[in-house]
Structure formats: structure tokens, C-alpha cells
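One structure is given here, and the rest of the page talks about it.
We name chains A, B, ... by the order of the sequence lines, and we start the count at 1 in each one. Note that the structure is predicted; figures quoted are calculated from it, not measured.
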There are 2 protein chains.
Amino acid sequence: MKKDEQYKRLILREIYYANTLSATELSDRIGKSLPLTIRTVNHLVKEKILEPSGYAPSSGGRRPITYTINRKALYILSVSMDQLVTRISLMDLTNSHVGGIGRHELPLKNNPAALKVLATLLADAVNQSGIDRSRILGIGIGMPGFIDGMRGENYSFPMQDGTEQQTIVEYLATATGLPVHIDNDSSLIALAEYKFGIARKAANSMVVNIGWGVGLGMILNGSLFRGNNGFAGEFSHIPLFNNNKLCSCGKSGCLETETSLLVLIDKAVKGLQDGKISSLQGHFPTGEIEKDAESIMEAAAAGDKFCIELIREIGYHIGRGVAILIHLLNPRSIVLSGRGSLAGRLWLAPVQQALNEHCIPRLATQTAVEVSGLGYEAELLGSAALVMENYATPQ
Amino acid sequence: MKKDEQYKRLILREIYYANTLSATELSDRIGKSLPLTIRTVNHLVKEKILEPSGYAPSSGGRRPITYTINRKALYILSVSMDQLVTRISLMDLTNSHVGGIGRHELPLKNNPAALKVLATLLADAVNQSGIDRSRILGIGIGMPGFIDGMRGENYSFPMQDGTEQQTIVEYLATATGLPVHIDNDSSLIALAEYKFGIARKAANSMVVNIGWGVGLGMILNGSLFRGNNGFAGEFSHIPLFNNNKLCSCGKSGCLETETSLLVLIDKAVKGLQDGKISSLQGHFPTGEIEKDAESIMEAAAAGDKFCIELIREIGYHIGRGVAILIHLLNPRSIVLSGRGSLAGRLWLAPVQQALNEHCIPRLATQTAVEVSGLGYEAELLGSAALVMENYATPQ
DNA sequence: AATACTTCCTAAAAAAGTTAGAAAGTCTTA
DNA sequence: TAAGACTTTCTAACTTTTTTAGGAAGTATT
């Protein structure tokens with residue numbers, strides 16, 4: 001790639017993350033000299049990709065001109081998948097959904113047709129948007145499972161029948177005519193929290209994705225850590241309990257057997273059967289896990305004692321796992337994110353309690369535990385950021 | 001610092017790690033252009049710091065000139081401390097001990113005079129070497145405890161009475177007139193294994209330091225990971241056991257309560273008291289823990305069943321901890337290093353056994369478990385590398 | 001032994017970075 | 001309120017570094 005194109009991309013990425021920046025700030029962040037930066041910014045303004053947005057307040061000298069991204073110029077197709085539902089949204093570079101979020105039922109388990117379906121969904125989304133392909137930077141997809149982002153494969157859910165020559169990424173790229181990038185859902189949530197959420201600027205942060213399982217995305221030394229094969233963050237299967245509960249991975253006692261929204265629903269069902277009193281009674285369970293999980297978390301937030309107690313139990317178990325993270329990685333912050341963050345700060349007390357009991361005090365005091373404000377939006381933001389990261393990274 | 005000085009240091013560092021390199025290789029590694037690299041190398045040759053060492057075998061073209069470091073030009077003072085013993089060695093830049101390794105008893109626990117003693121030991125070592133201070137790049141010190149290398153403090157063993165204004169590093173620097181750098185012993189062992197040992201080129205590697213405790217140094221994305229406050233790697237205090245054994249940290253069930261050379265000695269003593277048969281009988285325990293630990297490991301290596309069984313037990317427990325590391329960080333390799341590596345490959349089977357039982361197979365197969373060949377030498381090498389890292393890092 | 005093909009090294013041209021100073025502002029003090 | 005001191009942004013001249021093209025010194029193949 002030509003160098004000036006490379007610099008343009010770096011500048012675009014920085015403004016994408018920061019919303020509005022001056023030339024001096026840009027020069028600092030991309031590590032290039034001011035004259036070169038200004039020249040490139042001027043090119044981008046001439047191409048209508050950037051636009052001046054007035055003057056920043058002076059810090060004691062001449063006021064700098066600031067720049068923002070022209071939101072009609074470029075777009076990213078952002079995709080978030082779980083085992084049942086796939087969400088698709090075309091986003092501009094100010095993180096707005098251009099035409100709403102599409103929601104599609106697409107089971108991944110033992111579904112060799114999944115990839116074909118996904119490809120049509122993506123192509124449709126692009127076509128229906130009416131936006132020219134040349135103005136879409138790429139497609140970013142977050143999905144559960146063991147993902148090798150470099151190769152572009154999902155080892156847990158192949159989504160094909162196994163006879164094909166093409167990887168998931170290759171298939172989708174040829175089907176859509178756009179660059180495609182995939183990564184693990186929890187990793188992308190961590191990326192979103194680091195770039196746009198509560199972990200902004202926390203160069204060492206652990207993002208716990210409380211959902212149908214318990215995922216972990218790690219920000220280490222200011223970048224997403226993926227491990228040697230892209231498999232880092234298998235938080236949910238560390239052996240922590242002597243509960244003899246068989247886990248989906250074949251072992252027993254995994255963290256996941258005691259902590260996930262599925263466990264939350266299970267516990268609620270059993271508790272009600274045992275005669276516990278709760279505002280859930282009458283309309284629970286519905287059988288739709290999305291609704292059921294939300295009901296419990298909303299009831300807890302509204303003060304339902306039974307539901308609060310359930311969250312306490314699970315939160316405490318998560319905290320035991322988090323204690324291990326803190327010992328090993330000494331992070332600046334722990335962020336609770338994903339679907340489960342709907343229950344908000346109800347998680348904090350039980351998690352903190354576990355840390356008090358299981359962490360060396362000197363370590364525990366160095367780490368803040370926080371709840372995401374991005375919530376269910378996080379993964380779509382992370383998918384978009386994934387595209388931008390790849391767009392701006394020299395090949 | 002002037003730029004050409006900076007480039008010289010980068011080049012010196014690369015040759016220090018690789019022993020001998022050609023101009024092209026150097027250019028690649030320091031990320032500078034070939035003309036600039038060659039010019040700087042020529043300067044270094046003129047200053048007698050580098051010297052040409054013949055031609056490298058051609059890979060299909062003109063044979064490149066290779067360069068090595070003149071071993072009489074520059075030196076590093078390398079220090080390795082544990083709670084009882086401090087070792088000091090002046091090393092040249094080919095990792096040879098210039099005048100042997102000095103061994104000094106220096107207890108760190110509740111010893112506010114320790115720093116003063118250390119300062120004289122260091123000054124003596126420099127003076128007795130007869131080498132001019134200007135030719136010593138600096139002093140690197142590995143020590144146990146919570147170390148903040150940036151600030152230059154040891155929070156576990158202050159080594160002063162607490163009324164001083166100067167940090168450990170500041171005190172030693174003024175006392176010796178040389179740049180001083182400190183870091184955690186396990187971190188430095190990891191650095192040594194990564195730069196000179198079996199983990200060479202393994203950009204994601206976990207180095208377990210089996211000694212009087214169980215330390216962990218982590219190489220992540222090709223560099224030593226220290227966490228947000230320099231406290232990362234507190235492997236020994238993750239809660240893994242329901243054994244009700246009180247740990248020095250105040251909690252119970254820590255990994256350290258079941259795995260360390262101290263535990264090994266304890267178990268041997270108890271086993272012999274219970275009438276177990278072993279070649280240790282008669283000359284064990286001596287009360288000197290260094291000797292006792294060595295006796296057990298040597299007996300095991302010589303085939304003593306009782307000692308092998310002890311190592312199996314402890315190795316299995318270490319393996320349970322390592323399983324957690326693998327789940328979280330998906331490393332390329334696990335290296336068993338430190339004092340305990342004297343028992344060599346006897347560790348491998350029990351550790352691997354624990355991994356088979358506690359790891360998801362897909363993850364376990366991605367990680368190799370290996371024993372260090374550096375052994376007790378590792379920490380001194382790491383201390384030297386610490387100096388070189390700081391020497392070549394732009395301020 | 002001659003030709004094709006690599007790779008290392010060097011010299012000239014192009015690109016990027018540095019530096020000094022002008023422009024445009026803020027803040028303090030008389 | 002006005003003048004002067006001080007900051008910071010931005011620009012133009014100069015310096016450093018990188019890139020490119022080509023010559024030198026090898027290896028492998030025919």
C-alpha cells in the first residue's frame with residue numbers, strides 16, 4: 001500500500017476513536033511529524049472524508065482547528081452473532097446505526113448451512129442500504145467459539161459441511177465483495193469497552209462477558225490479547241468448583257457450571273419450584289431464554305429479593321474467578337459487560353466480596369470493578385472497531 | 001539523547017541477544033534502513049565496541065559480513081537475590097562471568113540495614129574488578145517481592161528503615177555511580193528464558209520459577225508483562241486447594257502451600273519420619289535448605305523412588321495451576337525454571353498429567369511444557385538483560 | 001564454463017522529520 | 001484597559017532518514 005494512503009487510514013482511525021482531534025493531537029497519536037500530518041489532513045478534507053469542526057478551547061496559546069469525520073462519507077457493516085441470533089447493522093464512522101439493527105434467527109450448532117445464510121443476510125444488508133460498496137470499509141463479525149482471526153476460521157462452529165476449500169472469511173469476502181474480519185464475541189466486547197466504554201484508556205483491563213456462558217476479553221499493554229493461537233480468555237472453563245456438574249466441555253467444576261445467565265434462569269426455576277416468593281411468579285419461565293434472563297435481571301433491579309439473591313450467588317462465583325485474574329495479570333480494571341450488565345451495579349457487591357476474601361489486599365486495591373454502560377450495544381461497536389483496526393493496520 | 005547514540009544502543013542490544021548478526025539482519029531488527037544501519041555499525045567498529053567476525057554462509061547470494069561484540073569493551077554488573085543469599089557477577093556482553101560469581105549471605109526479612117550492605121557489596125565488586133565505571137553499562141538486580149521497577153521500590157522488602165527519602169534504586173545509583181535497575185526475580189528469569197533459553201522466540205510463554213516459593217514470569221506478545229502496577233504473575237497465591245493450610249499471605253489454600261521446594265523438603269522429612277525407604281536416609285535433613293533441596297532432587301534424578309514420588313505430587317499440583325494459565329493466556333510454551341529445574345524432566349510427566357485432566361484438549365495441545373536448560377544461571381542472565389533493555393530504551 | 005538467479009552493499013533521489021520563527025491567542029501586571 | 005510576557009499552533013527552510021536503482025559478490029543450474 002502507498003504510504004500516504006496508510007497515513008490517511010491512521011488519521012481516520014484516531015478520529016474515529018476520539019470523535020474530534022486537532023492536527024497536533026493527531027500528529028502525536030499517529031507518531032508522524034506535524035507537517036506531514038497537516039498535509040494529509042488537508043487531503044482528507046478535500047476528499048470530504050474529514051471536515052473542520054471549529055476551534056478547540058485554547059490551553060494558553062493559539063486555538064487549534066479541530067477535525068471530525070464526515071458521517072456521510074464512509075461506513076462499516078457490523079455483525080454480532082450468538083448461538084441463536086444474528087444482529088446486523090450498517091454503521092457510520094460516528095457509531096450511529098444508519099438503518100436500524102436487523103435481527104435474524106440463525107442457529108450455529110450443527111448447522112452446515114449457516115454460512116450460506118449469513119452470506120445472503122450480509123449481501124442483502126449491503127444492497128438494501130443503497131450505499132456504494134466502495135464507501136463501506138468492511139464487515140466485522142463477532143461470534144462465539146474458538147476463533148482464529150488470522151486464518152478466518154471458527155473451530156467450534158464451522159458453519160459449513162467441512163468439504164469446502166474456503167475459510168469462513170474467504171467465503172464471505174467473495175460473496176459480499178468486501179473485506180471481512182471475524183473475532184471472538186468476548187474479545188470484541190473488550191475492544192469496545194476499551195475504545196468507547198468504561199475501560200477507555202485502561203491499558204490493562206479484563207472484560208467479563210456475562211451471557212449464555214462467561215467470556216473474557218483481555219486488554220493487555222493497550223491492545224487486545226489473543227494468545228498464541230487466538231484462543232486466550234477461556235475463562236469459563238477454568239476448574240474452580242467441586243460440584244460434580246458436568247460442563248459442555250466434558251470436564252466438571254468449570255466456572256461456567258455455576259455462572260452464566262443460563263445458570264441464573266435454572267436457579268430461578270428451581271427456586272420457584274421450591275416455593276420461594278418472587279415477583280416473577282405467574283409469568284416465568286416463558287421458555288424464551290432471552291426474555292427469561294431479562295425478567296430476572298429487571299426484577300432484581302426493581303428490588304425483588306429472590307432475584308437479587310440469585311445474582312449475589314452468581315456474582316460471588318464470578319468474583320472467585322476474577323480473583324485469579326487479578327493475581328495473574330494485575331489489571332487496572334475489571335469490567336462486567338455483555339447481556340448480563342443489564343443487572344447493573346447489583347453485580348458489584350458480590351464480586352467485590354469475593355475479591356475481599358480471595359485476593360491479596362495489595363493487589364485487590366489496585367483494581368477497580370465496574371459495570372459496562374455499553375451493555376448489549378458493546379459487541380456491535382466492537383465489530384466495527386475490528387474493521388477499523390484492520391483497515392488502519394499496514395499489511 | 002542524541003539519535004545516533006540511540007541507534008548504537010539498539011544495535012548493541014540486538015547483537016547482545018543474537019551473538020552475531022549481519023548488517024541486513026540488524027537493519028531488520030532495529031527497524032532502520034540499511035544505509036543508516038551500516039553507517040552506525042561502522043562507527044561502532046571504529047570505537048572497538050563491535051568487530052567483524054567473518055562471513056556468514058550465503059543463502060544464495062553475496063556473503064554478508066557478520067559482526068560480534070568485542071568482549072573487552074563493555075560490561076554489566078548482574079545481581080541475583082533471594083531472601084537469604086545475594087549473588088553478584090560482573091559479566092561481559094557475551095554473557096561470560098568476568099571474575100566468578102560472588103556469594104554473600106544477606107537476609108532481607110526485617111533487615112533495615114540490607115540496602116546499605118548491598119550498596120557496599122556492589123561498590124566493592126565494581127572496584128575490585130579494576131574496570132572503569134564508564135565501561136559498565138549498569139547494575140541489574142533481581143529480587144523477590146512486589147517490585148515496582150518504574151519507581152525502583154520493593155514493597156515486600158524495603159531494606160531500609162522507612163525514614164529515607166530515596167528509593168532503593170536512587171540510593172544504589174548514588175552509592176555506586178552507575179545506573180541501577182531492579183525487577184522481580186521471576187520476571188527476570190522469564191526474560192532470560194525468552195532471550196537466551198528454551199523459550200527463545202516463543203512470543204507467548206509462561207515461565208514458572210520453582211524455588212522457595214512458586215513464581216511466574218510472563219512473556220506476552222514478545223515482551224515481559226508486568227501488569228498495571230508491576231505486580232503481575234502472583235501465581236503462588238491463587239486459591240486452588242481446600243487444604244486449610246495457612247499461607248504466608250494470610251489466606252489458605254494458595255498454590256504455594258502445596259508447591260515449592262520448601263514443601264518438598266517438608267514432605268521428605270515427614271515421609272522419612274513415617275518410615276519411608278529412601279537413599280536420603282542418614283544424611284537428611286541437614287537443616288541447610290539449599291543443600292536439602294538439592295539432595296532430594298539429585299536423589300530423584302538418580303532414581304530414588306520416594307523422591308520421585310514427592311516430585312510427582314508437587315508437579316501435579318503445579319500442573320493444576322498451569323492449566324489455569326493455559327486457559328486464560330493460550331501460551332506457546334510453559335517453561336519450568338529456577339532452582340527446581342535441577343530435577344529436570346522429572347517434572348514433565350506429572351505436570352502433563354494434570355494438564356490432560358484439567359485442560360480443554362484443543363488448548364492443551366497448543367502448548368508445550370519444557371524444562372529450562374539455564375537453571376540457576378537464569379536469574380543472573382535476566383538481570384544483565386534488564387540492564388541492556390533499559391540501556392537501549394529511549395528515555 | 002557460462003548463464004540465471006540471489007543477496008549484500010552503495011550512491012543518488014525522494015520522503016519524512018526537525019528546527020526556528022511567525023501568527024494567533026491567553027494571562028498577568030501596571 | 002493596554003502592554004508585555006508567555007503558550008501554542010502552524011509554516012517554511014533545513015537536516016536526517018528512507019527508498020530506489022544499480023553494481024558487486026556470491027550460488028545453482030544447464
Nearest whole angstrom, please: distance from the P of C/dT7 to the CD1 of B/Ile65.
-> 18 Å
Contact under 4.0 Å: A/Lys3 side-chain N or O vs D/dT18 OP1/OP2 = no
Taking atom P of C/dA16 as reference, at what distance in whole Å does atom NZ of A/Lys8 sit?
-> 13 Å
Between B/Arg39 and B/Asp4, is the closest basic N to carboxylate O distance under 4.0 Å?
-> no
Under 4.0 angstrom between B/Arg62 side-chain N/O and D/dG23 OP1 or OP2 | no
Looking at A/Tyr391, is A/Arg9 sitting on its ring face, NZ or CZ under 6.0 Å from the six-membered ring centre and within 45 degrees of the normal?
-> yes
Are OP1 or OP2 of D/dT17 and a side-chain N or O of B/Arg39 less than 4.0 angstrom apart?
-> yes
Most 5' of B/Arg63 and A/Pro35 on DNA chain C, judged by nearest nucleotide | B/Arg63
Could you check whether A/Leu34 gets within reach of a base, just the sugar-phosphate, or nothing at all, counting any heavy atom under 4.0 Å?
-> base
Candidates C/dT18, C/dC9, D/dT17 - which lies nearest the side chain of B/Ser33 | D/dT17
Any side-chain donor-acceptor pair under 3.5 Å between A/Ser333 and A/Ser205?
-> yes
Please determine if a side-chain N or O atom of B/Lys32 lies less than 4.0 Å away from the OP1 or OP2 oxygen of D/dT18.
-> yes
Whole-Å gap separating C1' (C/dG25) and OH (A/Tyr55) = 11 Å
Is the gap between the ring centers of A/Tyr194 and A/Tyr17 under 6.0 Å?
-> no
Look at the side-chain N and O atoms of B/Tyr7 and state whether any lies under 4.0 Å from the OP1 or OP2 oxygen of D/dT17.
-> yes
Nearest to the side chain of B/Pro64, which nucleotide is it out of C/dC9, D/dC10, C/dG17?
-> C/dC9
Roughly how many Å is it from CG in B/Asp28 to C1' in D/dT19, rounded to a whole number?
-> 15 Å
